[in-house]
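First up is the structure itself, then whatever we jot down about it.
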Amino acid sequence: MSSRKIIKGYKTLISSRINVDTSTDKFKDGIIYTLFSDEFNSLKFGFAENNKALEKKLSSHSLILLDMKKGNKKELFLLIITLKELGIKYSDNLYFKYSGSLMRHLSTLGWPIGRSLYKQRKIKKELVCA
């Protein structure tokens, strides 16, 4: 027989500082939306607190509203971070160049994009019984 030693030890936790923004501003409900610029062939995503604020943004720029839904700022920040991780580049003012792959990603992520620029493919499968 071989002799085994049991070594008892304690694992230590390493603490790290994570900057968590707990302000209620990110969790405030409002409207998340997608705008399209025909002039620059680009998309802009945003958050508005209410319909009046969204109408004000639309009237000040020559942008087309593709779609909107209820949401909060946190969803907008998560979308931008996710698109950045997917390698999709954007300008300083958060304008994203329109592309089919961007629209597919937005559709997959559940972002409001409407049906005017992107038609989702429907895949039909047939079961064949032998």
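Everything numeric in this text was worked out from a predicted model, so none of it was measured.
- The same ILVMFWY cluster, assembled from side-chain heavy atoms under 4.5 Å apart, contains both L94 and M103.
- Both L83 and Y98 belong to a single network of hydrophobic side chains, linked directly or stepwise wherever heavy atoms of I, L, V, M, F, W or Y lie under 4.5 Å apart.
- The shortest non-hydrogen separation linking I31 to M68 is CG2-CB, 3.7 Å.
- Distance alone, capped at 3.5 Å, is enough to place a donor-acceptor pair between the T108 side chain and the R104 backbone.
- Atom CG of L86 is separated from atom OG of S101 by 9.0 Å, given to the nearest 0.5 angstrom.
- Under the 4.5 Å side-chain heavy-atom criterion for grouping Ile, Leu, Val, Met, Phe, Trp and Tyr, I64 is connected to W111 within one hydrophobic cluster.
- A distance of 12.5 Å separates CG of D29 from NZ of K74, quoted to the nearest 0.5 Å.
- Linking Ile, Leu, Val, Met, Phe, Trp and Tyr whenever their side-chain heavy atoms come within less than 4.5 Å leaves L102 and L35 in two separate clusters.
- Rounded to the nearest 0.5 Å, atoms CG (L109) and CG (L78) are 10.0 Å apart.
- The closest donor-acceptor contact from the side chain of T34 to the backbone of P112 lies under 3.5 Å.
- Taking every heavy atom of both residues into account, F47 and K73 meet most closely at CD2-CG, 3.4 Å.
- Y90 meets the ring-ring contact (aromatic ring centres under 6.0 Å, His included) test with F96; sequence neighbours excluded.
- Dense packing is recorded around NZ of K69, with more than 12 heavy atoms of other residues, nucleotides or ligands lying under 6.0 Å away.
- Between the side chain of K89 and the backbone N or O of K97, no donor-acceptor pair lies under 3.5 Å.
- Checking side-chain atoms of E85 against main-chain N and O of T82 turns up no donor-acceptor pair under 3.5 Å.
- Contact annotation: the side chain of F36 never approaches that of L65 to less than 4.5 Å [non-hydrogen atoms, C-beta and beyond].
- When every heavy atom of Y95 is checked against every heavy atom of L63, the shortest pair comes out as OH-CD1, 4.0 Å.
- Taking the side chain as every heavy atom from C-beta outward, L43 and L106 approach each other to under 4.5 Å.
- One finds the CD1 atom of I81 at 9.5 Å from the CG atom of L76 (value rounded to the nearest 0.5 Å).
- When atom types are taken as modelled, the side chain of N72 and the backbone of E75 share a donor-acceptor pair closer than 3.5 angstrom.
- Placement of I32 and I113 within a single hydrophobic cluster is found when ILVMFWY residues are connected by side-chain heavy-atom separations under 4.5 Å, directly or transitively.
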